Amino acid sequence: MLDIRALRQDGEAIKTALTKRGYTLDLDAFASLDAKRKQADIRSQELQADRKKASRQVGELIKSGMAVEDAKSQVAETLQTIDAELDREVASAKAIQEEIREFLMGIPNVPQDAVPAGNDEEDNVEVRQWGTPKTLPFEPKDHVDVGEALDGGLDFERAAKLSGARFSVMSGGLARMHRALIDFMLDMHSDEHGYQEVYVPFLVGPEALRGTGQLPKFAEDLFKMEGERELYLIPTAEVPVTNLAADEILEADTMPRRYTCHTPCFRSEAGSHGKDTRGMIRQHQFEKVELVQMVRAEESDAALEALTGHAEAVLQKLDLPYRVVILCGGDLGFSSSKTYDIEVWLPSQQRYREISSCSNFQDYQSRRMQARWRNPETGKPELVHTLNGSALAVGRTLVAILENYQNEDGSVTVPEALRPYMRGLERLT
RNA sequence: GGAGGGGUGGCAGAGUGGCCGAAUGCACCGGUCUUGAAAACCGGCGACGGGAGACCGUCCGUGGGUUCAAAUCCCACCCCCUCCGCCA
């Protein structure tokens, strides 16, 4: 959510910045709503002040010895006049405030200056590359062919039997490698990058989803539970972990907060029919290790660079070639002010595919969820800046390993860094 | 699922109809003292919105209601705690 005061003061500048992501801000609609709000607000406050005064008068009269009924009749007429108008004014002030809130909730975050212009992923700009895409001495198979050929391995048919398309079953060594990856990533972020591991609910209420920005606009991307309580399967650990700070005022000495968390993620993929239908690139259920940070405003730019580096470190240790791109305005997520995607090399597709997305939300999420910290210099609560990034999407990491580490005989070499997590196993066959 | 207790400022915790946005303690900030720190003492200190400001309004889990007046009384819901039952 944007700062309403910023919108009043710098509306034009914000509108211009938002065009970079293809969003047209209706400033006139906002201005007229805001003017209506102010009028209703001022009037209802006046009436309330008058009403309070009259009520207090009654108390004083009674205390000074007047009979209760007499005291009441002193102000009865005034109150009657006030009440008639007050109900109306308060109701309309409330309604307008709610309208403004919904209006604000529907505006995406303002892209930072560094965000390049552009419409879609074609316009994202490469920032750096790491490693050299391997040229395999044989025709590379894709991860489905590699995985299905393994003993145990990948099984999409049985997954479909259970749950339909976009699910997978893994068994044997592959299932173990999947689990090992989670362990490997969590250990790395905890031991080397200074994150605290957390375990959180996989079902959350609507408020948490409003806080991070999935609701109200993107309900169709979520799986909603049946039942008397309104609960949703989390689409990412970002939702429960970031909302840990919701409605809280963090003490300065507990900042910055850095959390790492492994959760399954559930996405309806409503808008992506026919996209990545083969294999486990795009699933309704997948595992992810997430990084979340809550930092002071002036630290968030540096924090995004560091966080992206922490995600990159996973790929480096696994020796998987990748590149980092900065998302253009048109490809930028709703709540983000700046996002780096990390893309891993897939030999079968001869191109880089997204495996991580690292974003700085600045105060956009924290304003929605009222996540603040107490600045000792002012003594006042200030909104934190929130960031998060995948480090990494586990399923896609597995895909990358299957493809980059495949051998001509159909086996898959276990990356060296992962072997301690697989009891020394060197090869999946 | 049954019975009882409770949700108040950053935290703990008073407050059962008007003098309460709210005692007190801790934490925090400023000062005195000190070579410095601690301790002690003095002062300050909730959040949000509006206003240039004086100041005004809202907020005591949430939503309704009673009343001239609600943190306080009534109703519903949510959450937490204790005991019993069930259970991985």
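A note on names: the letters A, B, ... follow the listed sequences, proteins ahead of strands, and every chain is numbered from 1. Keep in mind it's a predicted model, so treat the numbers as computed, not measured.
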Is there a donor in the side chain of A:Gln283 and an acceptor in the side chain of A:Ser168, or the other way round, less than 3.5 Å apart? yes
For B:rG46, which nucleotide in any strand shown is its Watson-Crick or wobble partner with both distances under 3.5 Å? B:rC59
Output for pair (A:Phe103 CZ, A:Phe30 CZ), nearest 0.5 Å, gives 7.0 Å
Where the side chain of A:Lys72 is defined as all heavy atoms beyond and including C-beta, which of B:rU58, B:rC68, B:rA47 is the nearest nucleotide? B:rC68
Take atom CZ of A:Arg374 and atom C1' of B:rG10, then tell me their distance rounded to the nearest Å. 5 Å
Counting any heavy atom closer than 4.0 Å, what does A:Arg43 reach on the DNA or RNA strands: base, sugar-phosphate only, or nothing? nothing
Per atom distances to the A:Arg229 side chain, the nearest of B:rC79, B:rC56, B:rG10 is B:rC79
Can you tell me, in whole Å, how much space there is between the C1' of B:rG25 and that of B:rA14? 11 Å
Rounded C1' spacing from B:rU32 to B:rG36 in Å: 16 Å
B:rC55 P sits how many Å from A:Lys53 NZ, rounded? 14 Å
Atom pair NE2 (A:His310) and CG (A:Leu392), whose distance is rounded to the nearest 0.5 Å: 13.0 Å
B:rG4 pairs with which nucleotide, Watson-Crick or G-U wobble, both distances below 3.5 Å? B:rC81
I need the residues from residues 92-107 of chain A with at least one non-hydrogen atom less than 4.0 Å from RNA chain B; give them sorted by number, or say none. none
Under a 3.5 Å cut-off for both contacts, is B:rG18 paired Watson-Crick or G-U wobble with anything, and if yes, with which nucleotide? B:rC68
Under-4.0 Å side-chain N/O to phosphate OP1/OP2 contact, A:Lys52 with B:rU58: yes
Report which part of the nucleic acid A:Arg367 touches: base, sugar-phosphate, or nothing (heavy-atom distance under 4.0 Å, all strands). nothing
Choose from B:rG49, B:rA47, B:rC68 the nucleotide whose nearest atom is closest to any side-chain atom of A:Val58. B:rC68
Is any side-chain nitrogen or oxygen of A:Arg8 closer than 4.0 Å to OP1 or OP2 of B:rG50? yes
How far, in whole Å, is B:rG1 from B:rC56 if one measures between their P atoms? 49 Å
Rounding to an integer number of Å, can you tell me how far A:Ile249 CD1 sits from B:rC45 P? 17 Å
Charged N to carboxylate O under 4.0 angstrom, A:Asp276 versus A:Arg353? yes
Can you tell me, in whole Å, how much space there is between the P of B:rC79 and that of B:rC29? 38 Å
Looking only at atom P, what distance separates B:rA71 and B:rU8, rounded to whole Å? 15 Å
Under 4.0 angstrom between A:Arg51 side-chain N/O and B:rA69 OP1 or OP2: yes
Option among A:Lys38, A:Arg37, A:Arg43 that satisfies the salt bridge (Lys or Arg N to Asp or Glu O under 4.0 Å) test with A:Asp41: A:Arg37
Atom C1', compared across B:rC20 and B:rC60: separation rounded to whole Å: 10 Å
Does A:Gln48 place a side-chain N or O at less than 4.0 Å from the phosphate oxygens OP1/OP2 of B:rC56? no
For A:Glu207 and B:rC77, what is the distance between atoms CD and P respectively, to the nearest whole Å? 21 Å
Contact class for A:Leu250 vs. all strands (heavy atom < 4.0 Å): base, sugar-phosphate, or nothing? nothing
For A:Arg37 and B:rG49, what is the distance between atoms CZ and P respectively, to the nearest whole Å? 11 Å
Rounding to an integer number of Å, can you tell me how far A:Glu251 CD sits from B:rC29 P? 10 Å
Would you sort out whether A:Phe218 and A:Phe334 count as a ring pair (Phe, Tyr, Trp, His ring centres under 6.0 Å), showing the intermediate values? CA-CA 10 Å; A:Phe218 306 103; A:Phe334 185 76; 5.2 Å; yes
A:Gln57 vs A:Val68, nearer the 5' end of RNA chain B by closest nucleotide: A:Gln57
Round to a whole Å and report the spacing from CZ of A:Arg56 to C1' of B:rC68. 13 Å
Whole-Å distance between B:rG57 C1' and A:Ile42 CD1? 11 Å
Does a donor on one side chain sit under 3.5 Å from an acceptor on the other, for A:Tyr259 and A:Glu290? no
Under 4.0 Å, counting only non-hydrogen atoms across every strand here, what does A:Lys380 touch: a base, just sugar-phosphate, or nothing? sugar-phosphate
So A:Phe167 and A:His284, ring pair (Phe, Tyr, Trp, His ring centres under 6.0 Å) or not? Walk me through it. CA-CA 6 Å; A:Phe167 287 93; A:His284 288 309; 5.3 Å; yes
B:rG4 versus B:rA12 - spacing of their P atoms, nearest Å: 27 Å
Got a sec: does the CZ of A:Arg229 have more than 12 other heavy atoms crowding it under 6.0 Å? no
Relative to the ring of A:Tyr195, is the ring of A:His193 parallel (under 30°), tilted (30 to 60°) or perpendicular (over 60°)? perpendicular
Check every atom of B:rC68, B:rA47, B:rG50 against the side chain of A:Pro381 and return the nucleotide holding the closest atom. B:rA47
Quick one: look up who B:rA37 pairs with, Watson-Crick or G-U, both distances under 3.5 Å, and put none if it's unpaired. none
Closest-nucleotide 5' rank along RNA chain B - winner of A:Gln370 and A:Ser44: A:Gln370
Between B:rG63 and B:rC41, how far apart are the two C1' atoms, rounded to whole Å? 48 Å
Side chain of A:Arg372 only, heavy atoms from C-beta on: which candidate in B:rC48, B:rC68, B:rG51 is closest? B:rC48
